[in-house]
Asks: 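Sharing a structure with you now.
So you know, we letter chains A, B, ... as the sequences are listed, proteins then strands, and number each from 1. Model, not experiment: these values are computed from the prediction. Side-chain atoms are counted along with the backbone in the values below, which use heavy atoms only and exclude waters and symmetry mates.
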Amino acid sequence: MMTTISKAAGAAALLLSWYDRHHRDLPWRISPVMAARGMHPDPYHIWLSEVMLQQTTVQAVKAYFEKFRRLWPTVADLAVADTEEVMKAWAGLGYYARARNLKKCAEAVARDHGGRFPETEEGLKALPGIGDYTAAAVAAIAFNRQSAVLDGNVERVISRLHAIETPLPAAKPQMRMLVAEMTPQDRPGDFAQGMMDLGATICTPKRPACALCPLNDHCLALKTADPETFPRKAAKKDKPLRVGAAFVAVDQSGAVYLRKRAETGLLGGMTEVPGTAWTSRVDGDNSIEAKPFPAQWHACGAISHVFTHFELRLSVHSATVARSAQMIGSGENGWWEPAETLGAQALPTVMKKAIAQAIPHAFKDGAEPKRQVRKTAT
DNA sequence: AATGCGGGGGC
DNA sequence: GCCCCAGCATT
């Protein structure tokens with residue numbers, strides 16, 4: 001047992017040394033050099049970046065992080081922000097429950113904790129949108145706590161170091177124990193970030209650069225097996241296909257008719273154009289009752305979009321509609337959005353695709369997804 | 001323990 | 001195409 005502990009401590013020292021030399025420069029990060037001069041990370045920045053980084057790449061997060069920091073410089077600013085403005089700023093980043101919980105969390109910190117984040121894992125995890133990973137990461141990075149930080153990168157590194165045969169997610173408790181054993185009392189935050197940087201740049205899913213790895217002499221998978229085959233994972237299910245129709249109504253000024261989706265579920269709280277339900281049946285056609293206005297609707301192709309658990313194909317229809325036109329059905333909570341401000345709405349990517357399909361120049365400055373030229377929805 | 005929940009980049 | 005990404009909430 002003592003041998004195991006010493007080995008872990010030696011590996012941790014190597015990892016920290018590597019991090020000092022090879023860490024990435026990120027907008028929310030205090031470099032080891034600056035930390036040595038007494039600089040501390042802002043817990044608000046660490047929390048904000050960690051929530052954005054949940055299942056999201058560093059590259060995608062950078063611009064959003066800067067935008068949020070500019071719009072809401074402190075957690076108090078975010079706590080009093082308009083939720084709709086937060087959804088607009090988050091649009092395109094995905095997993096929109098994160099944005100709703102981000103706002104709730106900021107409110108809870110302001111209301112229940114005097115505007116300061118709790119410094120313990122337990123206290124952090126009690127907040128909306130903060131789970132095992134984020135609580136440990138914020139505690140370690142922002143508050144120098146010796147927390148075991150386990151994300152997808154660390155899972156890969158640990159599974160290879162120990163050649164863990166148990167597939168994920170069953171192996172997580174064992175991995176967490178091994179990370180806890182390896183996490184140093186000194187600089188736990190840098191250790192966590194170092195492990196994640198290692199997983200992102202050296203210990204990669206495909207073709208890991210083992211020759212450059214500071215831990216290669218400790219890696220059981222490298223000695224006895226093929227590191228690339230770790231971590232073991234349960235087989236994943238196939239994605240079903242769903243189909244539907246979307247209706248892009250444009251008035252004489254170029255404004256587009258939009259409406260708000262339900263607060264919960266898929267794309268919860270985000271903005272959309274009217275459309276049919278998305279069904280798994282390819283034969284049915286319920287597009288008639290979903291048209292928002294009586295008009296000369298004309299089919300203008302289809303778009304395809306892949307979500308986490310299904311693929312969607314939407315046939316897109318467009319029409320020019322007088323703003324005074326009689327609506328079909330009732331209970332619509334929609335509005336006419338001017339063309340100039342379309343790009344600033346809380347439109348998820350699939351909706352931008354649909355609008356761009358109907359109005360090729362609807363979005364300027366690269367906000368426009370690639371126009372898809374598919375002719376049918378099947 | 002399993003499922004729902006976005007979007008983009010790498011290969 | 002497939003895989004993965006600094007996961008969380010809910011059942």
Asks: So what does Gly199(A) touch, heavy atoms closer than 4.0 Å: a base, only the sugar-phosphate, or nothing?
Replies: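 Nothing: the residue Gly199(A), judged by heavy atoms under 4.0 Å, touches no strand.
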Asks: Is His305(A) near enough to dG7(B) that one of its side-chain N or O atoms lies under 4.0 angstrom from OP1 or OP2?
Replies: yes
Asks: Expressed in whole Å, how much space separates the C1' atoms belonging to dA6(C) and dT3(B)?
Replies: 22 Å
Asks: Between Arg259(A) and Glu272(A), does the salt bridge (charged side-chain N to carboxylate O under 4.0 Å, His left out) criterion hold? Intermediate values first, please.
Replies: CA-CA 6 Å; Arg259(A) 67 186 187 188; Glu272(A) 67 174 3; 2.8 Å; yes
Asks: Do any N or O atoms from the side chain of Arg313(A) and from the backbone of Leu241(A) form a donor-acceptor pair under 3.5 angstrom?
Replies: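 No, the answer is negative, given that no donor and acceptor are paired below the 3.5 Å cut-off.
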Asks: Respond yes when some side-chain nitrogen or oxygen of Gln54(A) is under 4.0 Å from OP1 or OP2 of dG7(C), and no when none is.
Replies: no
Asks: Would you call Lys239(A)-Glu311(A) a salt bridge at under 4.0 Å N-O?
Replies: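 Salt bridge flag = no for Glu311(A) with Lys239(A).
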Asks: Can you find an N or O donor on one side and an acceptor on the other, under 3.5 Å apart, linking the side chain of Tyr95(A) with the base of dG6(B)?
Replies: yes
Asks: Does Val179(A) reach the side chain of Val149(A), with side-chain heavy atoms less than 4.5 Å apart?
Replies: no
Asks: Report yes if at least one side-chain N or O of Arg156(A) is closer than 4.0 Å to OP1 or OP2 of dC5(C); otherwise report no.
Replies: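 Yes.
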Asks: To the nearest Å, give me how far apart CG (Asp238(A)) and P (dT3(B)) are.
Replies: 12 Å
Asks: Does the plane of the ring in Phe247(A) sit parallel, tilted or perpendicular to the ring in His317(A)? Use 30° and 60° as the thresholds.
Replies: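 Rings of Phe247(A) and His317(A): parallel, under 30°.
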Asks: Rounded to the Å, how far apart are Arg100(A) CZ and dT10(C) C1'?
Replies: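 Whole-Å distance recorded here is 13 Å.
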Asks: Under a 3.5 Å distance rule, please check whether Arg145(A) uses its side chain to pair with a backbone N or O of Glu119(A) as donor and acceptor.
Replies: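 Yes, the answer is positive, given that a donor and an acceptor are paired below the 3.5 Å cut-off.
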Asks: Side chain of Thr134(A) only, heavy atoms from C-beta on: which candidate in dG8(B), dC8(C), dC4(C) is closest?
Replies: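 Taking heavy atoms from C-beta onward, the closest nucleotide is dC8(C).
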Asks: Could one point to a donor on the side chain of Thr349(A) or the base of dG7(B) with an acceptor on the other under 3.5 Å away?
Replies: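 Per atom types, no contact qualifies.
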Asks: What's the closest nucleotide to the Leu266(A) side chain, out of dC3(C), dC5(C), dC5(B)?
Replies: dC5(B)
Asks: Does Arg232(A) qualify as a cation-pi partner of Phe230(A), given the criterion of NZ or CZ under 6.0 Å from the six-membered ring centre and within 45 degrees of its axis?
Replies: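 The answer is yes; both the distance and angle limits are met.
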Asks: As a quick check of understanding, evaluate salt bridge (charged side-chain N to carboxylate O under 4.0 Å, His left out) for Lys104(A) and Glu107(A), giving each step before the final call.
Replies: CA-CA 5 Å; Lys104(A) 288 182 194 163; Glu107(A) 291 169 356; over 6 Å; no
Asks: Pairs counted only when both distances fall under 3.5 Å, Watson-Crick or G-U: show me the 5' to 3' dot-bracket for DNA chain B, [ ] for pseudoknotted crossings and | for other-strand partners.
Replies: |||||.|||||
Asks: Nearest-Å distance, NZ (Lys353(A)) to P (dG6(B))?
Replies: 14 Å
Asks: Measuring from the side chain of Asp151(A) (C-beta onward, heavy atoms only), which nucleotide among dA6(C), dG6(B), dC3(C) has the closest atom?
Replies: dA6(C)
Asks: Need to verify one output field. Residue with the more 5' nearest nucleotide on DNA chain C, Lys233(A) or Lys125(A)?
Replies: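 Comparing both residues, the 5'-ward one is Lys233(A).
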Asks: Between His309(A) and dG4(B), is there a contact of a side-chain N or O with OP1 or OP2 at under 4.0 Å?
Replies: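 So the side chain of His309(A) is outside the cut-off, no N or O lying under 4.0 Å from OP1 or OP2 of dG4(B).
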Asks: For a quick test of reading the model: is some side-chain N or O of Tyr96(A) closer than 4.0 Å to OP1 or OP2 of dG7(B)?
Replies: yes
Asks: Looking at DNA chain C, which of residues 19-31 of chain A put a heavy atom within less than 4.0 Å of it?
Replies: Arg24(A), Leu26(A), Trp28(A), Arg29(A)
Asks: Between dG7(B), dA6(C), dC4(C), spot the one nearest the side chain of Leu267(A), thanks.
Replies: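 So the side chain of Leu267(A) is nearest to dG7(B).
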Asks: Would you mind reading off the distance between Met175(A) atom CE and dG7(C) atom P, rounded to a whole angstrom?
Replies: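 Whole-Å distance recorded here is 14 Å.
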Asks: Starting at atom CG of Leu312(A), determine the distance to atom C1' of dG6(B), rounded to an integer number of angstrom.
Replies: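 That distance rounds to 13 Å.
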Asks: If we ignore hydrogens and angles and just use 3.5 Å, is the side chain of Arg29(A) paired with the main-chain N or O of Arg24(A) as donor and acceptor?
Replies: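 A pair under 3.5 Å: yes.
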Asks: With C1' as the reference atom in both, quote the distance from dC5(B) to dC5(C) in angstrom, rounded to an integer.
Replies: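 Taking atom C1' in both dC5(B) and dC5(C), they lie 15 Å apart.
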Asks: Please tell me if Lys237(A) has a side-chain N or O lying less than 4.0 Å from either OP1 or OP2 of dT3(B).
Replies: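 Yes, within the criterion.
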Asks: What does Pro169(A) touch in the nucleic acid at a heavy-atom separation under 4.0 angstrom: a base, only the sugar-phosphate, or nothing?
Replies: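 Result for Pro169(A) = nothing.
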Asks: Taking Lys7(A) for its side chain and His218(A) for its backbone only, find out whether a donor-acceptor pair lies under 3.5 Å.
Replies: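 No; judged by distance alone, with no hydrogens or angles, the pair does not exist.
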Asks: Mind calculating the distance between NZ (Lys239(A)) and P (dC5(B)) to the nearest angstrom?
Replies: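 So the two atoms are 13 Å apart, to the nearest Å.
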Asks: State yes or no: are the ring centers of Phe307(A) and His309(A) separated by less than 6.0 Å?
Replies: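 Between His309(A) and Phe307(A), which both carry aromatic rings, the centre distance is not below 6.0 Å.
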Asks: Applying a 4.0 Å non-hydrogen cut-off, can you work out what Phe307(A) is touching in the nucleic acid: base, sugar-phosphate, or nothing?
Replies: sugar-phosphate
Asks: On the side chain of Thr56(A), is there an atom forming a donor-acceptor pair with the base of dG7(C) - under 3.5 Å, no angle test?
Replies: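 When only heavy-atom distances are counted, Thr56(A) does not reach the base of dG7(C) through any donor-acceptor pair under 3.5 Å.
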Asks: Using atom CZ of Arg98(A) as one end and atom C1' of dC8(C) as the other, report the distance to the nearest whole Å.
Replies: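 Arg98(A) atom CZ is separated from dC8(C) atom C1' by 10 Å.
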